[in-house]
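As structure tokens, the structure follows; a few thoughts come after it.
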Amino acid sequence: MTSEQQTQTDTYDPQAVERKWRERWEKRRTNTVDLRDAARPYYNLMMFPYPSAEGLHVGNVFAFVGSDIHGRFRRLQGWDVFEPIGFDAFGIHSENYALKVNLHPGKLIPQNITRFREQLKRSGLMLNWEHEVSTTDPAYYRWTQWIFLQLFNAGLAVRKKAPVNWCPECKTVLANEQVIDGNCERHPGVRVEQRFLEQWFFTITKYAARLLENLETIDWSESTRLMQRNWIGRSEGAELVFETPAGSPIPVYTTRPDTVFGATYLVLAPEHPLVDEVTAHEKWDDVNKYRRRAAEKDVVSRRKEERDKTGVFVGSYARNPATGESVPIWVADYVLMEYGTGAIMAVPAHDERDHEFATKFGLEIRQVVEADDEALNELPFSSWDGRLVNSSDFNGMSCRQAVSQITSWLAERDLATSKVQYRLHDWCISRQRYWGPPIPIIYCDDCGALGVPEEDLPVVLPALDDFRPDESGISPLARHESWYRVPCPSCGKPGRRETDVSDTFLDSAWYFLRYPSTEFDDRPFDAAMTKKWLPVSSYIGGNEHAVLHLMYARFISMALHDLGHLGFEEPFRRFRAHGTIVKDGAKMSKSRGNVVVPDEYQAKWGADTFRMYLMFLGPYLEGGDFRDQGIVGIRRFLDKVWGLVRAAGPAGSVVDRAALRILHQTIARVTNDLEELRYNTAISGLTEYVNFLRGSGDADEHASPSLEPSLLEPLAIMLAPFAPHFAEECWERLGHTDTVFEATWPPSDPSLARDEEIELVVQVNGKVRARLRVPPGLTKDDVVARALDDETVQRFLDDKDVKRSVYVQDRLVSLVV
RNA sequence: GCGACCGUGGCGGAACUGGUAGACGCGCAGGAUUUAGGAUCCUGUGGGGAAACCCGUGAGGGUUCGACUCCCUCCGGUCGCACCA
């Protein structure tokens, strides 16, 4: 065989290389880690997928690959990396799809999971398949139910009748977060209704303050923390009491107690319990009619065009605690029962909404703040920078001062208390659906609601053919008497199981606790394992889960911590939100028909090229538009590396000083970029290094130069997180028999990386006029002297005196004339 | 409406705490090789100009020796929240 023929047959064949290493990794268990004996545990977590029928799309692959690169990088740095995966397979998503294709989710989900597994394995992820979990596995949801019981026993799971969002299409209750502009998030255009149902709630509001405070202590993407902060929505103010002549006093919450002298009327939410009490007889019909109409709307939001202020006067008055005046009481749906006390004092001069309402119904508008900024003084305005007017003894006082003064003045008569209010609501976990873990509660006429004894867990979801939800608002499980009829665990009399299942977000609020402990079937998470591996070292996922999933997971960890089950409050030490891959400017979705699947790209180019290409597309933390125009560039790059590796010379020759310098500069750059998840620029760094190597040495035009292996080994290692199969093959060809992932990440030596000569820019009056090649470390005087020597510089100085000069070490000198 | 982020060549994108704008890649042009095509390799590639130079980071202003970067106003886009008192 001639050398030319050999060259032709020994080109890079991604499919062959990837098959070889996939098999080898599996056989050698390269991707597993000894959970018990690991010396430097590093828990690298990625958000587990919901196994849809469509399979993984490139957005998923983008997310997983970015996390995988991080895990592989940490492993090369000497950590014992645990990178598990699982499937979040309960929930409305799966159930609705199952109904649509008329196949039981219990049959459908395993099929989907099988496909997901194949796709994930094909993507070259360092996943540890020995610790896979599926939320639909009774061995898993047994512990989901256990967690419910722990919260129930601690009084953190309560049953209350509450207005809930009801989607007539899903035929179930929705969390507030699932209502978008008054419509169901899954059914755009379908109005969400309000229903009053008995529901199970986790009292996450008890944790509002801690959930907020702890945000300062964790290393998370700032955007995610901000969203959580807004979601928790802390505000400071006071609760003021408006007494009524007829009956109970009405407490209101306000952030502006300083404006109480301008409170000219009071508004109650339609659902407010005191409405009946304050309504005058002659207004009874009006008020009830209004309340009935309001109840038909959903709780969360109303469309913009429906935001016209409506309301009705109840026919009675309350006493303004500051002025002593009688102010009319109204009922209006612009006041929400869920926030504050469900009642407000209206200050139409300084609140836009109150002003609109007062104008419409002809109520008094009294200015009590004069803004410092004259331009603001047109009513209504709301400003903290102003002084009180029309406020008796408090006239002239600044708003901020008046807040505390007025609050304590009223407090002396028990008419005010300072109060911190949160926007966060309790978490409704009841779902009147089939495809979820049954809530482990048994009702008994004598004993009430009792938790299922722990030894009876799991409460297995029965395999029903008839699981379709109906109009009744009752779970499909409630149609199956043989399932829900059970004796009371306390007295033994006939009891009845809870027939609602729990929210999918509960399944995913603790899955990361399960991964290290999958081998234990007698406990949810083993104490020693948990201590060793948690909190999670790095969590990477989409910002679409910035509020719900991440908030719930934090809450569950915090609650389990307080109950003595966990040694930490915050489950994720570090969280980074990756960007979103969109297609033609829109999120990929089946309905838009813009879903791109990875399979064909992986088949054509190989997983490694595809991985690298996705990471090269743009900043990992920002995402971008998917297009495939540039993928060939990555392939060309790998071909070049392949050529260099094939042509590698024997070890032991002297390495060029310049090559060594570029190598160490590259190592420093790539290491830095990987730390910060800047994968696109890390790849650029590697490309520049390879371009340099190809131009050095003894190469003629068509052949790669024969290089010292010590210049290529670090390259193979740095490439390994991005293109793992490819890097393994290179590593082997460079004479190694073990996996490249047992190698050590190359250290960068600053003394070797230092430049011998640098380019120094000379500016005259701020414009670049010359570039000098000089050794680094010159003094300012020296540099200025050299700059003045330069011909072009002289021309622009034009014999004028240098008035000032600025020198930035080894970068630039700026002369001002 | 409120909050956050973003706007740089034909395209994706670089530019660390204010210090050489356009790294790296795609595309394109010219050349080499090839019977041809493809592949590969070399060179060039923000705009204007023969050149010296001039102009350029959404628009306008400001701070500075120096601004993609900081400040103000506006325009455009993405995301989150949205009658939260």
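All heavy atoms count here, side chains included; hydrogens, waters and symmetry mates do not. By convention in this document, chain letters (A, B, ...) are assigned in the order of the sequence lines, proteins followed by strands, and residues within each chain are numbered from 1.
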- Query: Heavy atoms under 4.0 Å, any strand shown: does A:T259 hit a base, just sugar-phosphate, or nothing?
  - Reply: nothing

- Go through B:rC24, B:rC83, B:rA52 for me and flag the one nearest to the A:R795 side chain. B:rA52

- Conformer about C1'-N of B:rG61 - syn within 90° of 0, anti elsewhere: anti

- Query: Is there a donor-acceptor contact under 3.5 Å from the side chain of A:T224 to the main chain of A:W220?
  - Reply: no

- Taking only the side-chain nitrogens and oxygens of A:R636, find out if one of them lies under 4.0 Å from OP1 or OP2 of B:rG27. yes

- Task: Between A:L226 and A:M345, just flag the one whose closest nucleotide in RNA chain B comes earlier from the 5' side.
- Result: A:L226

- Note on the structure: Closest of B:rU20, B:rG12, B:rC41 to the A:F616 side chain is B:rG12

- Of the nucleotides B:rC65, B:rA82, B:rC83, which has the atom closest to the A:D333 side chain? B:rC83

- Is A:N680 touching bases, backbone alone, or none of the nucleic acid, heavy atoms closer than 4.0 Å? sugar-phosphate

- Atom-to-atom span, CG of A:L336 to P of B:rA82 - whole angstrom: 11 Å

- Do the charged groups of A:E622 and A:R678 touch, with an N to O distance under 4.0 Å? no

- What interatomic distance, in whole Å, is found between C1' of B:rG27 and the corresponding atom of B:rG46? 15 Å

- Atom-to-atom span, CD1 of A:I631 to P of B:rG27 - whole angstrom: 12 Å

- Query: Have A:Y613 and A:D628 got a donor and an acceptor in their side chains that come within less than 3.5 Å?
  - Reply: no

- Message: Given B:rC83, B:rC65, B:rC42, identify the nucleotide with an atom nearest to the side chain of A:V806.
- Response: B:rC65

- Item | Pairwise distance CZ(A:F626) to CG(A:L614) - rounded to 0.5 angstrom | 6.0 Å

- Note on the structure: Atom CG of A:D351 and atom C1' of B:rG1 are separated, to the nearest Å, by 13 Å

- Query: Any donor-acceptor pair under 3.5 Å joining the side chain of A:K309 to the base of B:rC83?
  - Reply: yes

- Message: Let's test your reading of the model: under 3.5 Å, does the base of B:rC65 pair with the side chain of A:S814 as donor and acceptor?
- Response: yes

- Task: Look at the side chain of A:R627 and decide which nucleotide, out of B:rC83, B:rA23, B:rG12, has an atom nearest to it.
- Result: B:rG12

- Message: Would you say the ring centers of A:Y265 and A:F357 fall short of 6.0 Å from each other?
- Response: yes

- Output the single nucleotide from B:rU20, B:rA85, B:rA23 whose closest atom is nearest the side chain of A:V335. B:rA85

- Task: Name the nucleic acid region contacted by A:V761, choosing base, sugar-phosphate or nothing; use a 4.0 angstrom heavy-atom cut-off, strictly under.
- Result: base

- Task: Compare side-chain N and O positions of A:N230 against OP1 and OP2 of B:rA4 and report whether any pair is under 4.0 Å apart.
- Result: no

- From CA spacing to verdict: side chain to side chain donor-acceptor pair (under 3.5 Å), A:N543, A:S223: CA-CA 8 Å; A:N543 238 350; A:S223 61; 3.1 Å; yes

- Query: Is there a side-chain polar atom (N or O) of A:K767 under 4.0 Å from OP1 or OP2 of B:rC55?
  - Reply: yes

- Using a 4.0 Å heavy-atom cut-off across all strands, classify A:E622 as base, sugar-phosphate, or nothing. nothing

- Would you please test A:L719 and A:M612 for side-chain contact (heavy atoms from CB on, under 4.5 Å) and show each step? CA-CA 9 Å; A:L719 214 43; A:M612 262 186 112; 3.8 Å; yes

- Item | N or O in side chain of A:N543 less than 4.0 angstrom from B:rA4 OP1/OP2 | no

- Query: Any side-chain N or O of A:Y339 less than 4.0 Å from the OP1 or OP2 oxygen of B:rA85?
  - Reply: yes

- Query: Rounded to whole angstroms, how far apart are OH on A:Y613 and C1' on B:rC24?
  - Reply: 13 Å

- With nearest nucleotides of RNA chain B determined for A:G233 and A:Q629 from heavy-atom distances, which residue corresponds to the more 5′ nucleotide? A:Q629

- Query: With rounding to whole Å, what would you report as the distance between B:rG18 and B:rU69 at their P atoms?
  - Reply: 12 Å

- Message: Check A:D755 with A:R661, please: is the shortest side-chain N to carboxylate O separation under 4.0 Å?
- Response: yes

- Message: I want to verify a distance call: between B:rC24, B:rC42, B:rC65, whose nearest atom is closest to the A:R804 side chain?
- Response: B:rC65

- Is A:R769 near enough to B:rC53 that one of its side-chain N or O atoms lies under 4.0 angstrom from OP1 or OP2? no

- Query: Does A:R229 have a side-chain nitrogen or oxygen under 4.0 Å from the phosphate oxygens OP1 or OP2 of B:rG80?
  - Reply: no

- Please state whether the phosphate of B:rU20, meaning OP1 or OP2, lies under 4.0 angstrom from any side-chain nitrogen or oxygen of A:R771. no

- Query: Given the P atoms of B:rC65 and B:rC79, what is the spacing between them in whole Å?
  - Reply: 42 Å

- Query: When the distance from CG of A:D628 to P of B:rG27 is rounded to whole Å, what number comes out?
  - Reply: 11 Å

- From the list B:rG19, B:rC24, B:rA21, which nucleotide is the closest neighbour of the side chain of A:V768? B:rA21

- Message: Using a 4.0 Å heavy-atom cut-off, does A:I344 contact any base of the nucleic acid, only the sugar-phosphate backbone, or nothing at all?
- Response: base

- Have a look at A:L617 and say if it touches a base, only the backbone sugar-phosphate, or nothing, with a 4.0 Å heavy-atom cut-off. sugar-phosphate

- Message: Between B:rG19 and A:Q763, counting only base atoms on the nucleotide and side-chain atoms on the residue, is there a donor-acceptor pair under 3.5 Å?
- Response: yes

- Message: At 4.0 Å (heavy atoms only), tell me whether A:R669 reaches a base, stays on the sugar-phosphate, or touches nothing.
- Response: nothing

